[in-house]
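I have placed the structure first, in the form of structure tokens, so that the comments after it can refer back to it.
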Amino acid sequence: MENGSSNGGEALPNGNGKAVQALQRSFGEVQGILEHNRMLIQEIGQNHESRDAGGLSRNVALIRELNSNIARVVGLYSDLSTSFSGSLLAKGPDDAAAAANKRPRPTQ
């Protein structure tokens, strides 16, 4: 296989190594943010259960941070989508159409 890809068994065309690295980097960043969000949600839940005034006040800041992190994840996925679409368009209409035809069709 070209470039040693692991994308479901299909080989990637030459020159996509940088794209794959960028994809992996972005998914790694998303994974880190989501893991941090998991910890924030855990702390928010503990503060809520304790009903301690200080913990409940802290939840306001934690929820703001959680909201900000979610916006970052949405932005990263949006950037990934734009990059992926751009790479398909850069291949040319024939290549993009061929790639679209390789997608599995739902059975009826």
Donor-acceptor pairs under 3.5 Å, side chain of residues 62-79 to any protein atom, not counting sequence neighbours: which ones?
residue : atom : partner : partner atom : Å
E65     : OE2  : H36     : NE2          : 2.7
N69     : ND2  : N37     : OD1          : 2.8

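- Q42 pairs by the side chain to side chain donor-acceptor pair (under 3.5 Å) definition with nothing, not counting sequence neighbours.
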What donor-acceptor contacts under 3.5 angstrom involve side-chain atoms of residues 48-59, with partners at least two apart or in another chain?
residue : atom : partner : partner atom : Å
S50     : OG   : N47     : O            : 3.0
S50     : OG   : D52     : N            : 3.3
D52     : OD2  : G54     : N            : 3.3
D52     : OD2  : G55     : N            : 3.1
S57     : OG   : A53     : O            : 3.0
R58     : NE   : E43     : OE2          : 2.7
R58     : NH2  : E43     : OE2          : 3.2
N59     : OD1  : N47     : ND2          : 2.9
N59     : ND2  : I44     : O            : 3.2

